[in-house]
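As structure tokens, the structure follows; a few thoughts come after it.
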Amino acid sequence: MAAQPDIAAAPADGLAQAQSDARARRRRWLLLAPALLTIGLFGLFPLVITLIYSFLSPGTYGGVTWEFSTNAYTQFLFERDIFDDTLAFSTTYLNIFGRSIGLALVATIGALIIGFPTAYFIASKPPEQRNIWLFLITLPFWTNLLIRTYAVLLIIRDEGIINVSLMQIGLIDRPFGMLYTDGAVFMGLIYSYLPFMVLPLYASLEKLDFRLVEAAYDLYATRFQVLRRIIIPAARPGIIAGCILVFIPGLGAYITPELLGGGKKLMIGNLIALQFGSSRNWPFGSAAALILMVVVMAALLIYVRNAGKAGVRHG
Amino acid sequence: MPAEAAAAKTRATDPSEPHMILVDHVTKSFGRGEQAVLALDDVSVTIRPNEFFTLLGPSGCGKTTLLRLIAGFELPTRGQILLDGQEIGHLPPYRRPVNTVFQNYALFPHMTVAENISFGLEMLGKPVKEIADTTARMLDLVRMEHLAGRHTAALSGGQQQRVALARALAPHPKVLLLDEPLSALDLKLRKAMQIELKRLQSETGITFVFVTHDQEEALTMSDRIAVMDTGHILQVGTPRDIYNHPARRFVADFIGDINIIDAELESVSGDRGRITFPGGGTATAQLQTASMRPGRVSLAIRPENVELTDPGDARATTQGEIENVVYFGVGSNVHVRLRDGSELIARSAEVKGQTGDRVGVILPDEHLQVIAD
């Protein structure tokens with residue numbers, strides 16, 4: 001109501017119009033300020049610190065000394081000979097990156113394979129039952145990830161319930177090692193991030209018009225063809241969102257590989273943590289974190305652009 | 001004709017009769033135990049080859065359920081469905097040579113017009129050349145060539161309708177099922193599509209099974225109509241049959257305007273009966289069901305068959321008074337209050353008389369029907 005006199009007066013007085021515009025703009029910025037401040041302070045500022053630290057030299061007891069250096073980045077790709085200071089190409093850290101990306105990818109695919117039928121199951125329930133199922137899916141989030149990972153550890157360790165029961169049945173006579181393997185990390189990642197896959201999948205499957213499925217059946221499509229030609233294209237936005245939501249945290253996961261992988265084979269998250277801990281190489285830790293971020297962002301940009309192109313075709 | 005209509009109602013289907021679809025004592029109930037809802041109650045009907053057959057009835061009468069049973073989206077609780085002599089009642093939809101035009105078209109939103117139309121042929125594994133040729137022919141048939149590459153979301157209702165038709169016709173099914181396909185269109189477009197549908201049916205020679213609740217649509221387009229209510233087929237016949245000789249009160253009421261008059265059936269001879277009206281007067285009327293016995297009955301007569309005359313006219317069946325005259329363009333409805341208090345509508349192009357006038361009412365014998373409730 002307060003704006004109405006301004007609008008009415010506008011043609012008569014251009015100056016008053018400009019003033020009220022300026023006032024409205026100020027008000028907008030004022031309302032945005034808390035959010036901008038929070039993002040700037042806790043999002044952007046730490047990133048800037050990370051960027052600066054990555055170009056400094058490591059302090060002897062942790063922290064940094066304020067000397068410019070690109071050592072952190074060269075260290076990522078090359079090994080410095082301790083005697084003659086020459087650089088030799090080394091794949092040690094690239095391997096860690098590669099393994100992390102591979103494990104995160106496999107876990108994402110695993111989560112998709114498990115999550116898709118789950119989401120479809122929930123979406124096909126009567127609306128009044130769906131919320132209960134969704135609640136059950138999100139239930140693990142109510143407990144801390146560390147606790148849940150320990151619980152998984154207790155189940156799969158040599159004295160855990162699986163090995164003990166198998167031995168009692170007599171199928172095996174000594175425990176087979178599941179803990180501290182890539183398989184354990186893979187399973188732990190799927191377990192931790194499955195809800196991130198199920199929820200966006202559910203959101204897009206729920207919107208699926210079931211009459212389209214009937215129409216496809218009517219036009220001689222078998223169950224598999226209906227899935228491939230109708231249901232999956234309809235669920236595409238959910239599949240993309242779910243994969244991103246599982247892949248990114250999976251790539252940077254720390255707790256799961258640390259506990260279930262035994263920290264024997266490093267993943268990026270553990271590598272970075274190590275630099276800020278016992279290795280006391282903060283610049284290298286910062287550089288590794290930034291490289292990870294750039295790689296992930298570049299991959300996402302390419303992915304989203306391609307998905308966007310495909311999305312146009314979807315009308 | 002009326003005898004045939006009456007017989008069709010009681011006779012069970014006969015597999016030796018030429019048929020495209022034969023629905024044989026089919027019952028369909030949804031849910032179990034106490035909550036079970038009977039959607040179709042022991043329905044039998046024969047749909048002939050190359051016929052435009054309409055299932056007509058109010059919502060909830062079971063017409064869509066019957067269509068979905070033929071399509072294979074539902075399985076019958078009891079009974080069987082034959083297609084061209086073959087039992088199909090328990091086959092999945094993709095094993096039946098039957099295609100459906102859905103009420104809201106259900107076009108695939110992520111495909112173009114051409115991709116939608118070729119979908120069925122692709123799923124049948126037809127050679128690429130044949131798919132391309134048939135798709136082009138279908139686009140031409142529904143006059144959509146210029147929009148072949150367009151996405152379906154960008155089409156108008158009428159265009160979507162035509163794509164849905166082409167998509168369902170492309171695999172050349174033995175039977176095309178149409179589930180109220182015109183109900184989402186505006187009146188003008190609907191009229192145009194009615195003619196278009198008839199054209200497509202005669203050009204393709206495919207048997208059409210059309211579901212509608214619009215009696216006018218049914219009368220305009222159909223070769224034969226089955227009128228349904230509460231899970232039963234009440235009457236099957238040509239539009240003329242159904243309109244002129246409704247067998248049941250529901251059918252008479254549902255199709256067009258009709259006067260239903262309470263009367264006394266005095267005696268029966270053959271398929272005709274002697275009638276007396278409560279307000280005085282007698283007539284001879286056609287009996288719509290074979291097993292009619294003297295007593296209170298309902299008489300049906302279309303408003304356009306009721307004639308009004310001078311009170312003293314010797315031809316007058318009974319007497320009444322004009323209550324109201326309602327003009328509607330091509331003619332007027334004259335509401336007449338009969339002596340026993342019941343109301344009757346007479347329709348004519350020209351009206352002599354006005355509210356309050358006493359009139360003689362002529363109910364010609366040949367248009368009077370005794371119908372069952």
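Hydrogens, waters and symmetry mates play no part in the numbers below; they use all other heavy atoms, side chains included. Chain identifiers are assigned alphabetically (A, B, ...) following the order of the sequence lines, protein sequences preceding nucleic acid strands; residue numbering begins at 1 within each chain.
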Exercise for review: Return yes when atom CD1 of I161(A) has more than 12 non-hydrogen atoms of other residues, nucleotides or ligands closer than 6.0 Å, and no otherwise.
Suggested key: no
Practice item. Examine whether an atom of L107(B) lies under 4.5 Å from a heavy atom of chain A, and if so say whether it belongs to the side chain, the backbone or both; otherwise answer neither. Key: backbone
**Study point:** Engaged part of R68(B) at the chain A interface, taking heavy atoms whose separation is under 4.5 Å
**Key:** side chain
Check your understanding: R229(A) versus M111(B): any side-chain heavy-atom pair under 4.5 Å?
Key -> yes
Revision key, fill the gap. Smallest heavy-atom separation, E214(A) atom then F73(B) atom, equals O-CE2, 3.4 Å
Practice item. Could you tell me which of N99(B), V98(B), L124(B), T100(B) has the largest number of non-hydrogen atom pairs under 4.5 Å with chain A? Key: N99(B)
Exercise for review: Grab the two heavy atoms, one from A215(A) and one from A106(B), that are nearest each other, plus how far apart they are.
Suggested key: CB-O, 3.9 Å
Practice item. Under 4.5 Å heavy-atom distance to chain A, tell me which part of Q103(B) shows up: side chain, backbone, both or neither. Key: neither
Review point. For R199(B), does the CZ atom have more than 12 heavy-atom neighbours from other residues, nucleotides or ligands under 6.0 Å away?
Key: yes
Review point. I230(A) and F119(B): side chain to side chain contact (heavy atoms under 4.5 Å, CB included), yes or no, with the steps?
Key: CA-CA 11 Å; I230(A) 308 299; F119(B) 187 84; 4.2 Å; yes
Practice item. Tell me, out of T152(B), T112(B), L121(B), N104(B), who's got the most heavy-atom pairs with chain A below 4.5 Å. Key: N104(B)
Check your understanding: What's the shortest heavy-atom distance between F108(B) and L212(A), and which atoms?
Key -> CE2-O, 3.4 Å
Check your understanding: Going by distance alone, is a donor N or O of one side chain under 3.5 Å from an acceptor N or O of the other, for D218(A) and Y94(B)?
Key -> no
Review point. If you count the non-hydrogen atoms of other residues, nucleotides and ligands that lie under 6.0 Å from CD in E128(A), is the total more than 12?
Key: yes
Revision key, fill the gap. For P171(B) and Y220(A) the tightest heavy-atom approach is CB-CE1, 3.5 Å
